[in-house]
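Protein chains get the first letters and strands the later ones, always in sequence-line order, with residue 1 at the start of each.
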Number of protein chains: 2
Amino acid sequence: MAQAPGTERVPRDWDQQLRARGYRATPQRQLVLEAVASLRHATPEDVGARVNQTARGVNISTIYRTLELLEQLGMVAHTHLGHGAPVYHLAEDADHVHLVCRGCGKITEISPDVARPLVATLDAEQGFETDVGHLTVYGRCADCRPRP
Amino acid sequence: MAQAPGTERVPRDWDQQLRARGYRATPQRQLVLEAVASLRHATPEDVGARVNQTARGVNISTIYRTLELLEQLGMVAHTHLGHGAPVYHLAEDADHVHLVCRGCGKITEISPDVARPLVATLDAEQGFETDVGHLTVYGRCADCRPRP
DNA sequence: TTTAGTGCAAATTTTTTGCAAAGTC
DNA sequence: GACTTTGCAAAAAATTTGCACTAAA
C-alpha cells in the first residue's frame, strides 16, 4: 500500500476529468500531471525540466498554461513555500500541512490533524471553510530556533 | 488609544534601530516604513506608489532594497496573500492571522488566538516555533462556501 | 472536419545589479 | 572625510500573449 517517493500516481481518470469538461487529453497534459505527481512540490520551471527530460520540446508556456488549467479543474493546487516561487502539487496529495523553517529553509510535511482545532474554530466563529491543503506555517525548526 | 486606519505608526526609534546596526537613517527608509505602516498590506509596487506620492523620485530599486533591509532587521515582514505578489507589513502589526477567501479574494485579519492550539502542538511535537504573524489560511469565507 | 492545444517568438511584468553621484555620520 | 545609500539604466527572471500549425475528438 505504501508508495515509493518519486513514483507517479496520476489519477487514473485524469483524461476523463478533462474530457468531461470539454477539454482534451493530450500527452503534454499527462506529462505535466506526472511531473507534478512525482516531484511533489515543484515550481513551473521544475515541472518543465522534468517534462522535457522525458519528452523533448514541451514549451514552458505550455507548462504554465497546463498548470493553470489543471489547477482550475482542481487536479493540482499551488502554494508559496519559499520567497516568490509558487510550488504545485497534486490536489490529492494536499492532505498535509507544511512547516517552513526560516532558518535553514527546510520544509516538513505533517499531518493535517494539528490544524483541526484551528479549522473547527474558524468554521464556528467565522463561517470560514479552511483549505488545509494550502496551509503553510512559517517559523523556526527545532534545529534553528534560538534556544534548543 | 485607538489608531485610525491609514495612519502611520512607524516605530519611534526606527532610526536608532538602523544606526545601532551600522545602517543609516535616510528619508527614503523612513518613507518606505511609513508607507508599509499606513498601507498595512502592500506589494513593493504599492509601497513605491505611496512613497512617490509624498516624495518625487524614489526609485523602485530603492524600494526593493529597503524592504529587503528592513525585513532583515526585523522591522517589516512579508507574506504571500494572493498569487505571486509578496505583501509587506510592519513586523509590529504582525499579530494577526490572515484568512484569504479563494472565492471573492477577501482578506480578513483575525486574532492570533485561534492559532494558539496549533502553535502549542507544533512546539510540543516538533519543537517548531511558529511565526504567527505569517500565518495565512486559505479557504472560503461564509459568503462563498458551497452551503451557507 | 471542427475546434482546442501547442510551439515559437516576442512582449510584459517583476526583481536584481553595476556604478557614479549624493548623503549620512 | 570615509563609507553608505540612492538614482539611473540596463540586465536578468518570471510570466503572458498572439498566431499559424498540429492534433484530438
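- Closest-nucleotide positions on DNA chain D for B:Val58 and B:Gly22 were compared, and the one nearer the 5' end corresponds to B:Gly22.
- For the side chain to side chain donor-acceptor pair (under 3.5 Å) test, no residue two or more places apart in sequence or in another chain qualifies with A:Thr121.
- Annotation: ring-ring contact (aromatic ring centres under 6.0 Å, His included) contacts involving residues 32-57 of chain A, sequence neighbours excluded, comprise A:His41-A:His96, A:His41-A:His98.
- Here D:dT16 presents its C1' atom at 12 Å from CG of A:Asn59, a figure rounded to the nearest Å.
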Show me, pair by pair, the donor-acceptor contacts under 3.5 angstrom made by side chains of residues 111-119 of chain A, not counting sequence neighbours?
from: A:Ser111; atom 1: OG; to: A:Asp113; atom 2: N; distance (Å): 2.9
from: A:Ser111; atom 1: OG; to: A:Asp113; atom 2: OD2; distance (Å): 3.4
from: A:Asp113; atom 1: OD1; to: A:Arg116; atom 2: NH1; distance (Å): 3.4
from: A:Asp113; atom 1: OD1; to: A:Arg116; atom 2: NH2; distance (Å): 2.8

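- In this structure, B:Arg65 reaches the bases: a heavy-atom distance under 4.0 Å links it to at least one base atom across the strands shown.
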Open item on the list: What does the B/S/- profile of nucleotides 20-25 of chain D look like, 5' to 3', with a 4.0 Å heavy-atom cutoff to protein?
Closed with: ---BBS
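- Considering only residues two or more places apart in sequence or on other chains, B:Thr43 meets the side chain to side chain donor-acceptor pair (under 3.5 Å) condition with B:Asp46.
- Shown here are the side chain to side chain donor-acceptor pair (under 3.5 Å) partners of B:Asn59, two or more places apart in sequence or in another chain: B:Ser61.
- Contacts of B:His89 classified as ring pair (Phe, Tyr, Trp, His ring centres under 6.0 Å), with partners at least two apart in sequence or in another chain: B:His134.
- One finds a side-chain N or O of A:Gln28 lying less than 4.0 angstrom from the OP1 or OP2 phosphate oxygen of C:dG7.
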Just list the side-chain donor-acceptor pairs under 3.5 Å for residues 25-32 of chain B, sequence neighbours left out, or say none.
from: B:Thr26; atom 1: OG1; to: B:Arg29; atom 2: N; distance (Å): 3.2
from: B:Arg29; atom 1: NH1; to: B:Arg24; atom 2: O; distance (Å): 2.8
from: B:Gln30; atom 1: NE2; to: B:Glu34; atom 2: OE2; distance (Å): 3.2

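- Comparing the start and finish of the helix from C:dT1-D:dA25 to C:dC25-D:dG1, five pairs each, the helix axis swings through 40°, to the nearest 10 degrees.
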